[in-house]
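Accompanying notes for the structure given below.
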Amino acid sequence: MQQSVMKAWWESSHMAGGNAAYVEEMYEAYLDNAQSVSEQWRAIFDNLPKVDGVSVESKHSVIREQFRSLAALGPAARAGGAVAAASNNTSDEKQVKVLQLINAFRFRGHQHANLDPLQLWKQPRVRDLELSHHNLSEQDFHTVYNVGSYAIGKETLPLGELFQSLNRTYCGSIGTEYMHITDTEQKRWLQNRIESVQAKPEISRDEKVAILKGLVAADGMEKYLGAKFPGAKRFSLEGGDSLVPMLKGLISHAGACGTKEVVIGMAHRGRLNVLVNVLGKNPSVLFDEFAGKHDHSLGAGDVKYHAGYSSDFATPGGNVHLALAFNPSHLEIVNPVVIGSVRARLDRRNCTDGSLVLPITIHGDSAIAGQGVVQETFNMSQTRGFKVGGTVRIVINNQVGFTTSKTEDTRSTQYCTDIAKMVQAPILHVNADDPEAVLFVTKLALDYRNQFKRDVVIDLVCYRRHGHNEADEPNATQPLMYQKIKKHPVPRELYADQLVAEGSIEAHEIEKLISDYRAALDHGACVLEEWRPMTEHSVDWSPYLGHDWDMTYAGDISVEKLKELGTKLCTYPQDYELQSRVAKIYQDRESMIAEEKPLDWGMAENLAYASIVESGNKIRMTGQDSGRGTFFHRHAVLHNQKDGSAHMPLAHISAEQGKIEIFDSVLSEAAVLAFEFGYATAEPGCLTIWEAQFGDFANGAQVVIDQFLSSGEAKWGRLCGLTLLLPHGYEGQGPEHSSARLERFLQMSADHNWQVCVPSTPAQVFNMLRRQILRPTRKPLIVMSPKSLLRHPLAVSSMEELAEGVFHNVIGEVDELDPKQVKRVVMCSGKVYYDLLEQRRKNEQTDVAIIRIEQLYPFPQAQILEVVSQFSHVNDWVWCQEEPQNQGAWYCSQHNFWSCIPESAKLKYAGRDASASPAVGYISVHNQQQADLIADALTIK
Ligand code: AMP
């Protein structure tokens with residue numbers, strides 16, 4: 001009998017494999033207080049080996065092993081062991097079931113929570129949340145049970161009370177998902193916070209009034225805009241009105257906890273409302289924008305629902321600086337931008353734990369599940385180079401994506417937030433029609449973030465009162481939802497009724513709040529009580545404004561200084577054992593310092609970084625394999641062969657040097673490049689570099705290049721000095737590893753929006769990198785960086801060439817040709833120059849001059865004209881490129897080339913034929929093509 005009971009128990013119980021967490025839960029309760037678990041469990045746990053002095057995690061692993069081996073023995077053996085010692089005692093079994101019931105609510109209570117204001121969202125019935133599933137019934141309601149670790153503040157409760165409490169805590173307006181977190185401390189912390197107040201803390205009248213004011217403002221703003229500008233797109237917040245009191249509560253609480261800056265990223269939904277009611281943008285400015293007036297200083301400008309804003313916000317802990325990031329319409333891509341901006345601000349404040357700057361990212365429900373960049377940012381969230389001490393992520397879950405319903409079409413997961421589980425972030429679902437619950441989860445989320453330095457998600461379940469925009473007709477696609485929405489009272493009404501009913505406020509006071517808000521909008525001045533003029537932001541951009549792209553600057557440096565820096569670069573701990581190839585590179589570098597060898601690319605680049613940090617500027621470089629360099633050339637980070645430890649000589653240049661950080665990035669392009677854009681737009685004092693493993697990998701970040709880098713200054717007046725190193729060059733490595741798609745950058749070049757450079761010598765890369773930080777201009781720098789040139793015997797420089805301190809936008813003929821004998825001038829950029837030079841020397845030709853255009857944009861016309869003035873008699877001009885004709889510089893820069901040649905001259909193309917693919921995949925075909933194009937460029941017919 002006992003054996004069969006035990007067998008059934010084992011096979012049906014959580015120990016049978018599926019629910020290790022439950023056993024852990026029991027064990028943790030036992031560890032806290034051995035008396036809190038039943039005798040039966042106590043007997044089992046008493047028999048486990050003692051694990052004092054080791055971490056909680058290893059306790060878990062020990063217990064898992066114990067139970068696994070116990071399970072492997074089979075029921076008979078188990079029955080004869082510790083479990084058999086436990087009696088077939090009904091009340092003990094029920095006690096076990098009660099603890100299982102608590103566990104079930106912790107795991108799955110959210111599925112019965114009242115999350116949808118419209119009550120349309122039907123979650124499946126969860127049997128684990130029913131008493132009968134645990135062999136319990138209402139007849140047990142008066143029996144008192146131990147509640148284990150349930151943090152209600154009592155050790156025991158009658159089942160009836162416990163069941164009611166569990167329902168209140170886990171199935172009310174809040175649905176919490178945290179049991180996927182493996183760290184016991186985090187889980188316990190969340191349980192204590194949620195269970196101790198049954199997910200509904202007492203809140204003061206003042207707080208209630210503040211919430212109501214937020215709702216009045218959110219609703220009042222939309223109604224006002226709707227009446228004043230009917231039919232205009234405003235991407236109304238209506239339905240998700242709680243976002244306003246939520247954000248205000250979050251910022252206020254953050255300030256009270258010591259946060260100094262908050263950076264917010266959000267898409268268009270509700271943005272105008274947030275701008276006015278949370279950031280304090282002047283409503284009259286917004287109304288002017290609706291009326292078509294705009295600020296001419298912002299160049300091309302952008303629509304009002306993409307606009308960013310900066311202000312200060314008064315909190316109990318002092319003023320907090322707020323920055324709402326500018327955002328293109330591409331959903332979710334702003335999130336890594338925000339996080340990068342936060343990292344820059346944290347670095348500036350020397351804050352490594354994230355406590356001083358808070359990122360808040362606001363997502364759409366379809367977008368957070370649909371856009372891959374969200375995964376990328378979660379993946380970055382705990383990595384060395386990208387962590388910011390956690391992000392508070394809020395989903396405005398209006399249960400519809402434009403016209404696509406949440407069921408079946410937008411995702412394959414139960415919740416839109418399931419992606420967050422990849423980093424074990426707690427997920428707090430909340431009914432947006434219960435603004436007190438919203439405020440509770442908001443504070444909880446921030447405290448969790450601050451305590452554990454990790455991401456946390458709030459799923460604000462709401463609805464969208466109008467169509468995707470106000471001109472849209474939502475009934476066409478969501479008829480049932482919109483019939484319901486039409487009859488559904490606005491959040492302000494619901495909450496006001498609640499406060500009146502409980503006696504917290506009088507009805508006439510509400511009327512006054514509404515009319516006061518409307519009057520304030522009529523008046524047009526700032527409506528945000530907490531708004532303060534901006535004094536708390538930490539950087540001044542004015543020195544970087546208003547410079548010409550070709551301004552001069554003092555970039556020279558002495559050869560002695562270069563040697564001194566070079567020596568420091570070659571210094572590493574004495575007991576360091578370098579890998580043999582790396583040791584050889586470092587020996588060569590020592591010879592370069594002694595001027596026994598000319599400088600190569602890797603050394604010149606490292607010298608540039610050394611000189612930049614030595615003068616106090618900062619450097620941040622990230623990318624795929626940046627520490628070593630994809631092509632084994634940089635070796636800025638050394639790895640000790642004895643113990644694997646890393647050492648960066650660049651961090652040991654001088655005591656007063658600027659900070660340098662070089663991180664191998666996560667294997668992402670979109671999020672990493674967006675992050676670095678965010679970093680560079682928040683930190684002008686740092687040379688920020690993103691390097692692609694191969695240039696065409698930048699394709700994966702095309703949205704960042706198109707919508708931020710190329711046009712951010714034109715649209716939003718935001719400067720950005722980010723440098724992109726994109727390996728480019730035709731070496732027969734096939735379609736994907738040859739081209740950084742130069743043509744795309746040139747096609748987007750206008751308004752001096754960025755610099756596109758193709759440096760061809762170590763001195764050029766040295767001076768290009770220095771120019772990027774030493775000149776007070778802050779424009780993106782797009783570099784077609786080399787691969788084979790890294791080791792090309794001709795691509796070398798002298799110390800003097802570095803010391804000269806000038807990046808030459810154009811380099812004229814280097815061989816001593818008699819200009820009069822020159823019959824053709826070949827213009828080119830990049831690696832092909834060396835192929836041309838070598839072939840011409842081999843041919844012993846003196847009738848073709850070769851000039852290199854090292855900066856293709858802004859096009860250095862005046863400098864080229866100067867360099868080619870000695871060839872004014874030449875009528876035969878050629879543009880030579882390795883890329884196919886429809887790619888490279890030929891089509892996008894041709895007008896510029898024409899502008900540099902004599903009027904009567906002809907300009908011919910020498911390069912590959914047009915091709916759909918960037919390069920051929922067969923080395924023999926590549927070699928033939930390359931030989932042909934060189935011959936074509938050099939052969940005068
Ligand atoms: P923020 O700290 O981002 O809120 O910026 C504060 C102020 O600095 C803004 O209002 C701008 O005037 C200026 N600013 C911030 N970032 C940039 C930038 N990338 N380029 C030019 N000005 C900026």
Side-chain angles (χ1 to χ4, degrees), residues 247 251 254-255 259-266 271 274-275 278-282 285 295-302 306-313 319-328 334-349 351 356-361 388 526 528 530-547 549 618 620 674-688 704 707-723 751-754 772-773 775-781:
L247 284 176
I251 296 161
T259 296
K260 298 284 174 227
E261 293 184 70
V262 175
V263 188
I264 307 171
M266 71 183 296
R271 195 179 182 92
V274 168
L275 277 166
V278 179
L279 284 109
K281 177 169 175 164
N282 214 314
V285 175
D295 175 359
H296 288 275
S297 68
L298 289 184
D302 200 350
H306 291 165
Y309 199 72
S310 303
S311 61
D312 287 1
F313 187 105
N319 291 353
V320 170
H321 178 67
L322 303 184
L324 175 66
F326 289 86
N327 189 37
V334 78
N335 301 313
V337 174
V338 163
I339 299 167
S341 171
V342 167
R343 175 76 180 229
R345 293 164 203 256
L346 286 168
D347 285 353
R348 193 158 54 231
R349 290 175 180 272
C351 173
L356 296 180
V357 189
L358 171 71
I360 303 175
T361 58
V388 290
C526 174
L528 179 73
E530 296 87 348
W531 180 86
R532 296 290 177 276
M534 202 163 56
T535 56
E536 298 296 321
H537 64 294
S538 42
V539 70
D540 176 14
W541 281 84
S542 57
Y544 305 96
L545 299 172
H547 303 290
W549 70 268
K618 292 183 278 185
R620 172 184 167 89
F675 184 103
E676 301 307 341
F677 173 84
Y679 196 101
T681 44
E683 180 49 274
C686 178
L687 176 65
T688 311
V704 185
Q707 301 192 351
F708 290 92
L709 261 190
S710 72
S711 52
E713 188 183 345
K715 292 191 289 193
W716 313 316
R718 286 296 188 265
L719 306 179
C720 173
L722 181 62
T723 296
D751 298 327
H752 296 164
N753 58 338
W754 56 21
Q772 181 66 358
I773 186 80
R775 268 199 317 200
T777 49
R778 289 294 173 264
K779 299 269 183 189
L781 168 61

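Counting starts at 1 for both ligands and their atoms, following the listed order. What you are looking at is a predicted structure, and each value in this text was computed from that prediction instead of being measured.
Look at Arg349 and Glu261 and you find a salt bridge, because one of the NZ, NE, NH1 or NH2 atoms lies within 4.0 Å of a carboxylate O, short of that distance.
Protein neighbours of ligand 1 below 4.0 Å, counting non-hydrogen atoms: Ser310, His321, Ala323, Arg345, Met534, His537, Trp541, Thr681, Gly717, Arg718, Leu719.
In terms of the side-chain hydrogen bond (donor to acceptor under 3.5 Å, both in side chains) criterion, Gln707 has no residue partners (sequence neighbours excluded). Partners of Phe708 under the ring-ring contact (aromatic ring centres under 6.0 Å, His included) rule, at least two apart in sequence or in another chain, are Phe677, Trp716. Judged as a side-chain hydrogen bond (donor to acceptor under 3.5 Å, both in side chains), and not counting sequence neighbours, the contacts of Arg348 are Ser538, Glu683.
Looking at Asp540, its side chain does come within 3.5 Å of a backbone N or O of Ser542 through a donor-acceptor pair. Checked by atom type and distance alone, the side chain of His321 pairs as donor or acceptor with a backbone atom of Ser311 at under 3.5 Å.
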